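Following: one structure in structure tokens, then a few remarks.
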Amino acid sequence: MNKVIVVVGPTGVGKTKMGVELAKVFDGEVISGDSMQIYKQMDIGTAKVTKEETQGIIHHLVDIKDPTDSYSVKEFQETVRKKIQEILSKGKTPILVGGTGLYIKATLYDYEFSETQDNHEDMKEKYAHLDNHQLYNYLMSIDQSSALELHENNRQRVLRAIGIYEQTGQRKSEQLAKQKHECIYDAYFVGLTIDRELLYERINQRVDVMKNLGLEKEVCSLYKNGLTRAHQSMKAIGYKEWFDYFEGLCSLDDVYENIKKHSRQYAKRQYTWFKNQFDMHWYEVDLTCFDKTVTKIVEDIKNEK
RNA sequence: AGGGGCGUGGUUCAAUGGUAGAGCAUCGGUCUCCAAAACCGUGGACGCGGGUUCGAUUCCUGCCGCCCCUG
């Protein structure tokens with residue numbers, strides 16, 4: 001089999017476990033498709049796979065960065081594509097498991113990113129004197145078709161489009177036009193889902209578990225090591241909520257409530273992405289009998305090839 | 001118990017004698033490197049009763065509920 005298996009779904013649905021189960025069946029290695037589990041020292045809050053949970057299955061792209069490092073989709077794309085080749089050449093099955101939709105799509109599809117530096121801070125400064133409307137008009141003047149795809153309030157993306165043109169001399173829209181927008185692997189997309197209410201319950205429970213496992217201690221030690229809200233790693237749910245607390249702006253209860261809330265909102269955004277971006281095979285996870293779901297997926301994949 | 005204050009969508013808070021507006025939450029959506037991010041759209045409310053008035057959420061009043069002070 002020369003297939004890449006992709007397991008996605010909202011946070012808390014059971015992707016990690018599914019990845020391991022599928023790896024056992026298909027002689028696979030798991031590649032994490034997650035923008036935050038790449039960071040060392042961030043174990044509890046990112047619900048990172050534990051040693052026991054891996055059951056001996058190799059997991060790539062976990063613990064590859066320090067929390068002070070920044071990271072990019074492009075880097076992810078390059079690293080994972082290499083990993084996939086490596087695993088395939090060993091005759092094993094790559095199993096990409098994660099919740100970061102853009103990272104996964106960029107890797108599996110023929111996305112090509114411009115050779116620009118990661119400099120959104122500079123761009124922010126450079127154009128601080130323009131309001132949203134003015135900035136948008138500027139983009140309209142240099143790359144109209146990209147502008148039309150964006151809302152003028154989405155300053156982050158407007159700036160990005162401007163940056164691409166300024167640094168490469170090529171318009172973002174032109175770049176996109178060169179791509180085919182197709183999946184470059186023989187991939188089988190497994191989308192895991194459960195009833196929304198149930199998912200939210202699970203998310204809430206999982207946050208309670210994180211609390212008991214010592215999330216506060218984990219975050220405190222990062223904080224003491226000098227990590228701030230500005231670091232990319234500290235944008236993660238489960239971590240960013242603590243800064244208000246450390247600054248005396250909210251209570252400890254608020255921290256956990258916010259983590260729950262942000263996780264729920266994240267799950268919702270993941271659903272809309274996965275529903276609309278991939279040729280997905282959806283599976284309702286059987287919570288009383290996880291193996292049933294595994295069996296069903298295994299059958300479907302075997303019938304595919 | 002006495003004095004004062006407050007009761008507006010899920011929540012925090014506005015405004016107004018001519019049937020109410022915002023933030024957050026909710027729900028839906030967008031997506032080519034900050035993506036666990038950024039952004040867009042959406043439904044939903046004047047505690048209950050009486051009075052004044054052409055008309056009350058707004059003024060008066062009774063009740064209920066909550067908060068503060070005093071004892």
Side-chain angles (χ1 to χ4, degrees), chain A residues 8 10-12 15 32-39 42 45-48 67 69-80 98-124 132 135-136 143 145-146 148-161 163-164 167-168 170-182 196-197 200 203 206-207 210 229-242 250 254 257-278:
Chain A
V8 299
T11 184
K15 296 187 291 294
S32 163
D34 188 293
S35 64
M36 290 301 171
Q37 293 190 8
I38 55 164
Y39 288 113
M42 292 170 59
T46 63
K48 203 179 279 172
D69 295 334
S70 58
Y71 195 63
S72 70
V73 187
K74 187 174 172 157
E75 190 176 343
F76 180 87
Q77 182 192 51
E78 286 165 0
T79 316
V80 172
T100 307
L102 176 68
Y103 282 23
I104 291 170
K105 184 152 192 187
T107 302
L108 268 17
Y109 281 62
D110 62 334
Y111 276 29
E112 267 179 59
F113 298 107
S114 312
E115 290 296 334
T116 56
Q117 263 123 34
D118 225 7
N119 66 339
H120 30 271
E121 286 306 317
D122 297 346
M123 287 296 288
K124 248 196 233 173
N132 290 353
L135 192 70
Y136 185 76
D143 182 359
S145 51
S146 290
L148 291 174
E149 298 292 314
L150 297 170
H151 190 280
E152 69 173 42
N153 289 348
N154 202 344
R155 209 180 162 86
Q156 187 168 294
R157 298 259 178 86
V158 172
L159 273 176
R160 170 69 187 157
I164 290 174
Q167 290 181 45
T168 67
Q170 211 181 73
R171 290 181 244 283
K172 182 185 157 195
S173 50
E174 291 171 341
Q175 278 229 316
L176 287 191
K178 281 194 240 155
Q179 299 167 25
K180 292 185 190 150
H181 311 283
E182 58 184 23
R196 188 73 73 92
E197 292 259 323
Y200 285 179
I203 286 173
R206 191 159 79 156
V207 173
M210 288 177 184
R229 325 165 98 101
H231 286 97
Q232 193 174 336
S233 61
M234 291 298 107
K235 302 256 166 82
I237 296 167
Y239 299 85
K240 62 178 173 185
E241 293 83 2
W242 292 87
C250 76
D254 291 338
E257 279 314 304
N258 286 336
I259 294 174
K260 288 176 184 175
K261 182 176 80 189
H262 292 152
S263 301
R264 278 182 253 124
Q265 295 173 328
Y266 176 46
K268 190 237 117 207
R269 266 180 278 131
Q270 288 176 303
Y271 267 126
T272 55
W273 178 278
F274 295 134
K275 267 192 295 194
N276 300 308
Q277 298 286 330
F278 295 118

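Chain A is the first sequence line, chain B the second, and so forth, proteins listed ahead of strands; every chain is numbered from 1. Every value quoted in this text rests on a predicted model; they were computed, and no experiment measured them.
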Could you check whether any side-chain heavy atom of A/Y271 comes within less than 4.5 Å of a side-chain heavy atom of A/R196, counting everything from C-beta outward?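 Of all side-chain heavy-atom pairs linking A/R196 with A/Y271, at least one is under 4.5 Å.
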
With sugar-phosphate meaning primed atoms plus P, OP1 and OP2, does [X] contact a base, only sugar-phosphate, or nothing at under 4.0 Å between heavy atoms?
X      : result
A/Y103 : sugar-phosphate
A/N276 : sugar-phosphate
A/K275 : sugar-phosphate
A/R229 : nothing

Under 4.0 Å from OP1 or OP2 of [N]: is there any side-chain N or O of [X] that close?
X      : N     : value
A/R171 : B/U32 : no
A/T100 : B/A36 : yes
A/Q277 : B/C31 : yes
A/K172 : B/U32 : yes

Interatomic distance, [X] [atom1] vs [N] [atom2] [rounded to whole Å]:
X      : N     : atom1 : atom2 : result
A/D254 : B/U12 : CG    : P     : 13 Å
A/W273 : B/C33 : CH2   : P     : 10 Å
A/N258 : B/U11 : CG    : C1'   : 13 Å
A/H231 : B/A36 : NE2   : C1'   : 17 Å

My understanding is that only residues two or more places apart in sequence, or in another chain, count here; which of them pass side chain to side chain donor-acceptor pair (under 3.5 Å) with [X]?
X      : answer
A/N154 : none
A/K240 : none
A/Y109 : none
A/R157 : none

Letter by letter from the 5' end, nucleotides 38-43 of chain B scores (B base, S sugar-phosphate only, - none; protein heavy atoms under 4.0 Å) BSS---

If you only use heavy atoms from C-beta on, which nucleotide in B/C33, B/U30, B/A36 is closest to the side chain of A/R160?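 That would be B/C33.
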
Closest approach to the side chain of A/H120, judged atom by atom: which nucleotide of B/C34, B/U32, B/U30 is it?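 Looking only at heavy atoms from C-beta outward on A/H120, the closest nucleotide is B/C34.
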
Considering only atom P, compute the distance from B/C13 to B/A1 and round it to an integer number of Å.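 Approximately 27 Å lies between the P atom of B/C13 and that of B/A1.
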
Taking the same atom, C1', in B/C64 and in B/G49, what whole-Å distance lies between them?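 These two C1' atoms come out 11 Å apart once rounded.
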
Should we count CD of A/Q179 as having more than 12 external heavy atoms under 6.0 Å?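 Atom CD in A/Q179 is crowded, with more than 12 foreign heavy atoms closer than 6.0 Å.
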
Are more than 12 heavy atoms from other residues, nucleotides or ligands located less than 6.0 Å from atom CD of A/E197?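 No, CD of A/E197 has 12 or fewer neighbouring heavy atoms, counting only those of other groups under 6.0 Å.
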
Which residues share a salt bridge (charged side-chain N to carboxylate O under 4.0 Å, His left out) with [X], sequence neighbours left out:
X      : result
A/E241 : none
A/R171 : A/E174
A/R229 : A/D244, A/E247
A/K124 : A/E121

Select from A/V73 and A/G238 the residue whose nearest nucleotide in RNA chain B is closer to the 5' end of that strand.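 Upstream on the strand: A/V73.
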
Along RNA chain B (nearest heavy atom to each residue), the more 5'-positioned of A/Q179 and A/Q37: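 By nearest-heavy-atom nucleotide position, the 5'-most residue is A/Q179.
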
Pairing string, 5' to 3', for RNA chain B - Watson-Crick or wobble contacts under 3.5 Å, brackets [ ] where pairs cross, | to another strand: (((((((..((((....[..))))..((((.......)))).....(((((..]....)))))))))))).

Polar pairs (N or O, both sides) under 3.5 Å between protein and nucleotides 23-26 of chain B?
| residue | atom | partner | partner atom | Å |
| --- | --- | --- | --- | --- |
| B/A25 | OP1 | A/Q265 | NE2 | 3.1 |
| B/U26 | OP2 | A/Q265 | NE2 | 2.8 |

So, using ring pair (Phe, Tyr, Trp, His ring centres under 6.0 Å) as the criterion, who are the partners of A/Y39 when residues are at least two apart?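 None.
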
Are A/Y111 and the base of B/U32 stacked, counting only ring centres nearer than 5.5 Å and planes tilted under 30°?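 Base of B/U32: stacked against A/Y111.
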
